[in-house]
> 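Mind looking over this structure? Questions follow.
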Amino acid sequence: MRAKIEELLPEISEFRHRLHRIPEPAGAEVKTSALIRDELANLDLEVLPPFIGTDVVAILRGSRPGRNVTLRADIDALALEETTGAPYASTHPGMMHACGHDAHSAILMGAAKVLAAAGRDFAGSIRFVWQPGEENRAMARELIAAGALNSPEPDLVAALHLLPGLPVGTFGIREGAMMASCTHFRVKFRGRSGHGSRPAAARNPIVAAAAAVGELNIAVTTRIDALRSPTLSVCAISGGKLDNVIPDEAEIRGTMRAIDLETADELAALLREVCCAVARLHRVEVDVELERGYPPTVNNAAATPVARRALEQIGAKWVELPEPSLTAEDFAWYLCRWPGVFLRLGSGEDSPELHNCAFDAPDAALAPGIAWLVAFARLGLDA
């Protein structure tokens, strides 16, 4: 396997660079999916028609019935202006691969090429999924609902994601919660407009919104044990346009995160309770909208040992992560339904953070990522 990966590495690196040049937003990865399909055209794989538009799903079927292992990469990019200065930098103004999805897609392509080249003398099947819309859209739900993983259903699922702070090519793994849930909220306060000189004659929604921001921060810290890592962040507030006019409406928006569903439910209930109480106090109306885009990403107790054996088999460097991250990942929707694992792959101790306009995935991380996916797939078929 190692020799085959070394042989393929130049073309896989170039494939990543080609993807990096054409970053596209969630659900609109038209050029990206076309490039992936072109790259798959010469492989002995069954490439399926799109399920939700820009997805690419391919299956390598063995010569005998057996288990299915499904490997997934995300393909969308972010609305940022790239500053890496790389010769393969984004050619799409205002868009870039700042989260490493170009590398994830290239790693999966390398695994597909290695496994396809090894032939069909095995029992079962391996599915390769290039999924659109991980960023903000959480389109894993749509892809799963559309039946992309139905025939056959997976016995194991796996994915990886780059992680700044870990040495390049070093893996991070842990059993149980790997990443947090993420619920987006939008709270709109509706009052009564009036002149800024007569606040008593109006009902100021901005005052209510401001009060809600403070009360929410206090309530989270005093009502939910900090050891459960509840996180609520108000990230946007808006209302009013003129200096001397109290507006009709004001709005706050943000996210709530938790590493278990019970805490996520408590945060949602707390948000509603606090905002409704504040609205009553300030004599305004309130609408609370919640969108639970990402459940917690939880590595399965049966699948995680398979992932560790794959790391040992390829001689990888790896560490046990001491705690989950409070970022979110829509691979969680796969793990809610099927046993599987989500690993982190180091992009360098001095790497810029993800979602940073200077981030560029290191090509040196490609070979370890490919090797692990291949080893996990083979072990998963025999598990």
Side-chain angles (χ1 to χ4, degrees), residues 26 135-142 177 179-298 324-330 332-333 336:
E135 298 286 357
N136 298 317
R137 290 279 300 275
M139 291 177 71
R141 285 177 296 183
E142 298 172 40
M179 300 176 77
S181 65
C182 182
T183 300
H184 294 258
F185 64 82
R186 173 176 295 192
V187 182
K188 184 174 290 185
F189 295 93
R190 297 193 309 277
R192 185 168 66 208
S193 65
H195 198 285
S197 66
R198 300 185 65 207
R203 295 184 181 179
N204 195 333
I206 293 179
V207 175
V213 173
E215 292 297 332
L216 284 168
N217 280 278
I218 294 169
V220 170
T221 59
T222 58
R223 298 266 296 274
I224 304 177
D225 191 337
L227 294 177
R228 294 165 62 189
S229 301
T231 302
L232 186 151
S233 297
V234 177
C235 299
I237 183 166
S238 60
K241 294 181 179 180
L242 299 173
D243 296 350
N244 61 348
V245 176
I246 294 170
D248 285 317
E249 294 184 349
E251 182 179 272
I252 60 173
R253 290 178 288 130
T255 61
M256 298 179 291
R257 301 168 188 270
I259 59 174
D260 63 81
L261 289 176
E262 180 183 356
T263 304
D265 289 341
E266 284 190 41
L267 282 168
L270 187 64
L271 176 78
R272 290 186 184 278
E273 179 186 343
V274 169
C275 290
C276 289
V278 167
R280 286 194 300 272
L281 179 65
H282 291 273
R283 300 179 302 144
V284 299
E285 296 179 353
V286 63
D287 292 324
V288 179
E289 297 178 15
L290 300 176
E291 180 186 355
R292 184 166 291 176
Y294 305 80
T297 302
V298 181
S325 165
L326 290 179
T327 53
E329 162 64 56
D330 81 344
W333 289 106
C336 283

> So which atom in Arg292 and which in Ala268 form the shortest heavy-atom distance, rounded to 0.1 Å?
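Minimum heavy-atom separation between Arg292 and Ala268: NH2-CB, 4.2 Å.
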> Do any pairs count as a side-chain hydrogen bond (donor to acceptor under 3.5 Å, both in side chains) and have a residue in residues 216-225, sequence neighbours left out, and if so which ones?
Arg223-Glu273
> Going by the rule side chain to side chain donor-acceptor pair (under 3.5 Å), which residues pair with Glu285 if we only count those two or more places apart in sequence or in a different chain?
Arg190
> Show your working on side chain to side chain contact (heavy atoms under 4.5 Å, CB included) between Phe185 and Val187 and close with a plain yes or no.
CA-CA 7 Å; Phe185 64 82; Val187 182; 4.1 Å; yes
> Hey, what do you get for CZ (Arg141) to OH (Tyr294), rounding to the nearest 0.5 Å?
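Answer rounded to 0.5 Å: 8.0 Å.
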> Who pairs with Cys276 by side-chain contact (heavy atoms from CB on, under 4.5 Å), at least two apart in sequence or on another chain?
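Only Arg280, Val286 meet the side-chain contact (heavy atoms from CB on, under 4.5 Å) criterion with Cys276.
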> Checking Arg203 now: which residues fulfil side-chain contact (heavy atoms from CB on, under 4.5 Å) with it, not counting sequence neighbours?
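If we apply the side-chain contact (heavy atoms from CB on, under 4.5 Å) test to Arg203, skipping adjacent residues, the hits are Arg192, Arg283, Val284.
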> For Ile206, check side-chain contact (heavy atoms from CB on, under 4.5 Å) against everything at least two apart and list the hits.
Asn204, Pro247, Ala250
> What are the two closest heavy atoms between Gly191 and Pro205, and how far apart are they?
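So the two residues come closest at N-CB, 4.0 Å.
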> Distance check, rounded to the nearest 0.5 Å: Asp287 atom CG versus Lys188 atom NZ?
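NZ of Lys188 is found 7.5 Å from CG of Asp287.
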> For Asn136, which residues count as a side chain to side chain donor-acceptor pair (under 3.5 Å) partner, sequence neighbours excluded?
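With neighbours one apart ignored, the set is empty.
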> Identify every side-chain donor-acceptor pair in residues 251-259 under 3.5 Å, counting partners at least two apart or on other chains, and give the distances.
{"unit_1": "Glu251", "atom_1": "OE2", "unit_2": "Arg253", "atom_2": "NE", "d": "3.3"}
{"unit_1": "Arg257", "atom_1": "NH1", "unit_2": "Leu326", "atom_2": "O", "d": "3.2"}

> One pair to check against side chain to side chain contact (heavy atoms under 4.5 Å, CB included): Arg137 and Glu142. What are the steps and the verdict?
CA-CA 10 Å; Arg137 290 279 300 275; Glu142 298 172 40; 4.0 Å; yes
> Who are the side-chain contact (heavy atoms from CB on, under 4.5 Å) partners of Asn244, not counting sequence neighbours?
His195, Leu242
> Provide the closest heavy-atom pair for Trp333 versus Gly293 in the form atom of the first, atom of the second, distance.
NE1-O, 2.8 Å
> State, to 0.1 Å, how close Ala332 and Pro296 come at their nearest heavy-atom pair, and which atoms those are.
CB-O, 3.4 Å
> On a heavy-atom basis, which atom in Phe189 and which in Cys275 lie closest, and how many Å separate them?
CE2-O, 3.8 Å
> Could you check whether any side-chain N or O of Asp330 sits under 3.5 Å from a backbone N or O of Met139, counting only pairs where one atom can act as donor and the other as acceptor?
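Yes; judged by distance alone, with no hydrogens or angles, the pair exists.
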> At what distance, to the nearest 0.5 angstrom, does OG of Ser193 lie from CD of Glu249?
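Reported to 0.5 Å precision, the distance equals 10.5 Å.
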> Can you give each donor-acceptor pair under 3.5 Å made by side-chain atoms of residues 226-239, sequence neighbours left out, with the distance rounded to 0.1 Å?
{"unit_1": "Arg228", "atom_1": "NE", "unit_2": "Thr263", "atom_2": "OG1", "d": "3.1"}
{"unit_1": "Arg228", "atom_1": "NH1", "unit_2": "Glu266", "atom_2": "OE2", "d": "3.3"}
{"unit_1": "Arg228", "atom_1": "NH2", "unit_2": "Thr263", "atom_2": "OG1", "d": "3.0"}
{"unit_1": "Arg228", "atom_1": "NH2", "unit_2": "Glu266", "atom_2": "OE2", "d": "2.8"}

> Within the structure provided, determine whether Leu271 and Val288 are in side-chain contact (heavy-atom separation under 4.5 Å).
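They are in contact (side-chain heavy atoms under 4.5 Å apart), so the answer is yes.
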